[in-house]
A.B. asks: 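The structure's right below; bear with me while I get my questions together.
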Amino acid sequence: MSAASAGFSREERLLKKQQFQRVYGQGRLCRGRHFWVYFLANNLEYCRLGLSVANRFCPNLVLRNRVKRIVRECYRNKKEAWGPGRDFVVVLKRLPAPLNLSSVCPELLSLLKVAYEKNSN
RNA sequence: AGAGCAAACCGGAUGGUCGCGCCCGAAACGGGUGAGGAAAGUCCGAGCUCCACAGGGCAGCGUAGUGGGUAACGCCCACCCUUCCCGGCCUUGCCGGGGGGCGGAUUAGAGCAACAGUGACGAUUUCCCGUAUGGGAAGUGAAACGUGGCAAUCUCUACGCGGAGCAAGACCAAAUAGGAGGGGGACGGCCCGUCCGCAAUUCCUCGGGUUAGGUCGCGCCAGAUUCCGUCGGGUAACCGGCGGGACCAGAUGAAUGACCAUCCUCCCAAAAGGAGACAGAACUCGGCUUACAGGUUUGCUCUCUUU
RNA sequence: GGGCGCGUAGCCCAGUUGGUUAGAGCACCUCCCUUACAAGGAGGGGGUCGUAGGUUCGAGUCCUACCGCGCCCA
């Protein structure tokens, strides 16, 4: 499964609880207005994405699914911005008021720029 | 034409690009398919699985007019009874339409009834009639002695119910141990009966260990499915025959989405722009209840216009 | 997914054969005591009993439906 394609397969997801705990414990954190992004280097050629959308910040299940799908779309369309070889966990902290791809994606991309600067330092 | 009420149904449409789950295929930049009327609440009823068979009685729980429908039901339909609303009149009771009703039994028994009131279930205040028994009235109160009221109080009667639930259950692999204590067990509250067993294979508790392991169950050329037409039975719910059509999501940190274009509806006087309800399958069905923007059809009532 | 339980004052809780105006403790407010604070004493306020409907003369209590929390399972 090549990371250059615009897909989002099962290999590129964080599924197990241990994988999440590793990123939370050893990774670094960038805080945004609506999302927090944890990231940690892995030894793979592709990067992996985990999502955490808590019930207390978004009580409606349909909106929770929409948040996850929008973040996945942002990962899929702008995959070069996420870069290879790292694990990400995107955590919802506040529900964005217009829940669109066009309003959520720039916030995540700016968070990723900050993450790259932190990583280079 | 408008408004109100009731019922049934629909619940944005089409095309393109990218993406995800599953299936077919040796493979493909291949093909197919992919949320709902409530998927929800888990309130009922079943299928299915295990408890060796799923036995009897008591206890417990549930239901409650009559009859029917259904695989079954606490669901649905019809009728009776009762009650409310509207309308009419041969006006104090009937008729028509619509709605509500957990609607058995208080001569089997027990219990309860605050305050007020003489008195709240065997009590007798005041006044009147009366020799007396008794009768009538006043007042209080929801109810005042009547073979009363409350069974959504216990209870009785009739009927029904074994228990748990797909995290049920079956198989496979890996790992630690081949431990300690207790008890006959199935049987879940008790008793009886039956079966297994005669020493710890099984059961419970404690201690230790392992993967939140994998496959099946789990999704269907099949059906308690659903639609249309027709015929027959029935007031109806519904059932039966014939013909034709439709329906194959099966995930497991859990797919069903995003963008673009055109159209539809709404917001705004118009354009630009924005919005498109409630809400997301988890073993599968039949109901009930709850949430729901907007729209369509049918029926009834009222108002206006035309004739 | 499936089972089970709980909602009463700001907080932790009582409240049984349905009965008048729902009750303790901590907290809060006022007064006394003290130079002042704390402790102590006296007094007081604060509740649509989670919401709605029903049974009843009368529901915190009984029944039904919703809402919000919490626990358990191989």
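Residue numbers start from 1 in every chain, and the chains themselves are labelled A, B, ... in the order their sequence lines are given, proteins ahead of strands.
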A.B. asks: Rounded to the nearest 0.5 Å, what's the gap from CG on A/Leu49 to NZ on A/Lys79? Could you check?
C.D. replies: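 Atom-to-atom, A/Leu49:CG and A/Lys79:NZ are 10.0 Å apart.
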A.B. asks: For the pair A/Phe39 and A/Phe88, name the ring-plane relationship: parallel under 30°, tilted 30 to 60°, perpendicular over 60°.
C.D. replies: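 Because their plane-to-plane angle lies in the 30° to 60° range, the rings of A/Phe39 and A/Phe88 count as tilted.
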A.B. asks: Enumerate, in order of first residue number, the stems that involve RNA chain C, defined as 3 or more consecutive Watson-Crick or G-U wobble pairs with both distances under 3.5 Å.
C.D. replies: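 Output for stems: C:1-7 with C:67-73, C:28-32 with C:40-44, C:50-54 with C:62-66.
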A.B. asks: From CG of A/Leu99 over to P of B/G276, roughly how many Å is that when rounded to an integer?
C.D. replies: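 Rounded to whole Å, this separation is 11 Å.
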A.B. asks: Checking A/Gln19 now: which residues fulfil side chain to side chain donor-acceptor pair (under 3.5 Å) with it, not counting sequence neighbours?
C.D. replies: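 With sequence neighbours excluded, A/Gln19 shows a side chain to side chain donor-acceptor pair (under 3.5 Å) to no residue whatsoever.
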A.B. asks: Need the pair for B/C18. Rule: Watson-Crick or G-U wobble, both distances under 3.5 Å, any strand; none if unpaired.
C.D. replies: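 Base partner found: B/G257.
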A.B. asks: May I ask which nucleotide in the shown strands pairs with B/A281, Watson-Crick or G-U wobble, both distances under 3.5 Å?
C.D. replies: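 Partner of B/A281: none found under 3.5 Å.
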A.B. asks: So, is B/G253 syn or anti if syn means the angle is within 90° of 0?
C.D. replies: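 This nucleotide is in syn.
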A.B. asks: Just do the side-chain contact (heavy atoms from CB on, under 4.5 Å) check on A/Phe35 and A/Leu92 with the steps written out, would you?
C.D. replies: CA-CA 5 Å; A/Phe35 296 96; A/Leu92 178 77; 3.6 Å; yes
A.B. asks: Send over the distance from A/Asn60 CG to B/G280 P, rounded to a whole Å.
C.D. replies: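 Value for this atom pair: 6 Å.
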A.B. asks: Just jot down the side chain to side chain contact (heavy atoms under 4.5 Å, CB included) partners of A/Leu101, sequence neighbours excluded, or say none.
C.D. replies: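 For A/Leu101 the side chain to side chain contact (heavy atoms under 4.5 Å, CB included) partners, ignoring immediate neighbours, are A/Ile70, A/Glu73, A/Cys74, A/Asn77, A/Cys105.
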A.B. asks: Could you note down all residue pairs passing side-chain hydrogen bond (donor to acceptor under 3.5 Å, both in side chains) where residues 99-111 of chain A supplies at least one of them, sequence neighbours left out?
C.D. replies: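 Qualifying pairs: A/His34-A/Glu107.
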A.B. asks: Please check if the number of heavy atoms outside A/Lys93 that lie under 6.0 Å from its NZ is greater than 12.
C.D. replies: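 Yes.
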A.B. asks: Hunt down the Watson-Crick or G-U wobble partner of B/U296, both distances under 3.5 Å, from any strand shown, or write none.
C.D. replies: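 Its partner is B/A8.
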A.B. asks: Polar atom pairs between nucleotides 67-74 of chain C and protein, under 3.5 Å, N or O only, would you list them?
C.D. replies:
none

A.B. asks: Specify the glycosidic conformation (syn or anti) of C/G43, with syn defined as within 90° of 0.
C.D. replies: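 Classified anti.
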A.B. asks: What residue pairs, at least two apart or across chains, pass ring pair (Phe, Tyr, Trp, His ring centres under 6.0 Å) with a residue in residues 90-109 of chain A?
C.D. replies: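 Matches after skipping sequence neighbours: none remain.
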A.B. asks: On a whole-Å scale, what distance lies between the C1' atoms belonging to B/A167 and B/C61?
C.D. replies: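 After rounding to an integer number of Å, I get 27 Å for this pair.
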A.B. asks: Quantified in whole Å, what is the C1' atom distance between nucleotide B/G214 and nucleotide B/C190?
C.D. replies: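 Going atom to atom, C1' in each nucleotide, I get 45 Å.
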A.B. asks: Anything under 3.5 Å between a protein N or O and an N or O of nucleotides 252-262 of chain B, put it in a table, one pair a line.
C.D. replies:
residue, atom, partner, partner atom, Å
B/U252, OP1, A/Arg10, NH2, 3.0
B/G253, N9, A/Leu15, O, 3.2
B/G253, O6, A/Lys17, N, 2.2
B/G253, N1, A/Leu15, O, 3.0
B/G253, N1, A/Lys17, N, 3.2
B/G253, N3, A/Leu15, O, 2.6
B/U256, OP2, A/Arg69, NE, 2.9
B/U256, OP2, A/Arg69, NH2, 2.9
B/G257, N2, A/Glu73, OE2, 3.4

A.B. asks: Using Watson-Crick or G-U wobble geometry with both distances below 3.5 Å, tell me the partner of B/G93, or none.
C.D. replies: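 The answer is B/C89, by the H-bond criterion.
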A.B. asks: Take atom C1' in B/C77 and the same atom in B/A170, then report the distance between them in whole Å.
C.D. replies: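 45 Å, rounded to whole Å.
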A.B. asks: What pairs with A/Tyr75 under side chain to side chain donor-acceptor pair (under 3.5 Å), at least two apart in sequence or on another chain?
C.D. replies: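 If we apply the side chain to side chain donor-acceptor pair (under 3.5 Å) test to A/Tyr75, skipping adjacent residues, the hits are A/Glu12.
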A.B. asks: What is the base-pairing partner of B/C79, counting Watson-Crick and G-U wobble geometry with both distances under 3.5 Å?
C.D. replies: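 The base-pairing partner of B/C79, which may sit in any strand shown, is B/G65.
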A.B. asks: Provide, to the nearest angstrom, the distance between the CD atom belonging to A/Glu11 and the C1' atom belonging to B/C20.
C.D. replies: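 Atom-to-atom, A/Glu11 to B/C20, this comes out as 15 Å.
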A.B. asks: Expressed in whole Å, how much space separates the P atoms belonging to C/G68 and C/A52?
C.D. replies: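 Here C/G68 and C/A52 have their P atoms 16 Å from each other.
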A.B. asks: With both distances kept under 3.5 Å, what pairs with B/C268, Watson-Crick or G-U wobble?
C.D. replies: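 Partner of B/C268: none found under 3.5 Å.
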A.B. asks: My understanding is that a pair needs two contacts under 3.5 Å, Watson-Crick or G-U wobble. By that rule, which nucleotide pairs with B/C161?
C.D. replies: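 B/C161 is paired, partner B/G60.
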A.B. asks: When syn is taken as a glycosidic angle within 90 degrees of 0, is B/A35 syn or anti?
C.D. replies: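 B/A35: syn glycosidic orientation.
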A.B. asks: Please list, chain by chain and in numerical order, all residues satisfying side chain to side chain donor-acceptor pair (under 3.5 Å) with A/Asn42, sequence neighbours excluded.
C.D. replies: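 For A/Asn42 the side chain to side chain donor-acceptor pair (under 3.5 Å) partners, ignoring immediate neighbours, are A/Asp87.
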A.B. asks: State the pairing partner of B/A224; accept Watson-Crick or G-U wobble contacts with both distances under 3.5 Å, and report none otherwise.
C.D. replies: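 Its partner: none found.
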A.B. asks: Please give the distance between the C1' atoms of C/G7 and C/C66 as a whole number of Å.
C.D. replies: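 Going atom to atom, C1' in each nucleotide, I get 14 Å.
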A.B. asks: I'd like to check the side chain to side chain contact (heavy atoms under 4.5 Å, CB included) partners of A/Leu61; sequence neighbours left out, ordered by chain and number.
C.D. replies: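 Counting only residues at least two positions away or on another chain, A/Leu61 forms a side chain to side chain contact (heavy atoms under 4.5 Å, CB included) with A/Arg64, A/Asn65.
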A.B. asks: Using atom C1' of each nucleotide, how far apart are C/C28 and B/U140 to the nearest Å?
C.D. replies: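 Those two atoms are separated by 46 Å.
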A.B. asks: How would you list, by chain and number, every residue that makes a side chain to side chain donor-acceptor pair (under 3.5 Å) with A/Arg72, sequence neighbours excluded?
C.D. replies: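 Counting only residues at least two positions away or on another chain, A/Arg72 forms no side chain to side chain donor-acceptor pair (under 3.5 Å).
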A.B. asks: Name all residues meeting the ring pair (Phe, Tyr, Trp, His ring centres under 6.0 Å) criterion together with A/Phe57; count only those two or more places apart in sequence or in a different chain, and write none if there are none.
C.D. replies: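 Ring pair (Phe, Tyr, Trp, His ring centres under 6.0 Å) check on A/Phe57 returns nothing, list empty.
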A.B. asks: In whole angstrom, give me the gap between the C1' atoms of B/C24 and B/A261.
C.D. replies: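 Those two atoms are separated by 33 Å.
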A.B. asks: Distance between the P atoms of C/G41 and B/C154, in whole angstroms?
C.D. replies: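 Those two atoms are separated by 48 Å.
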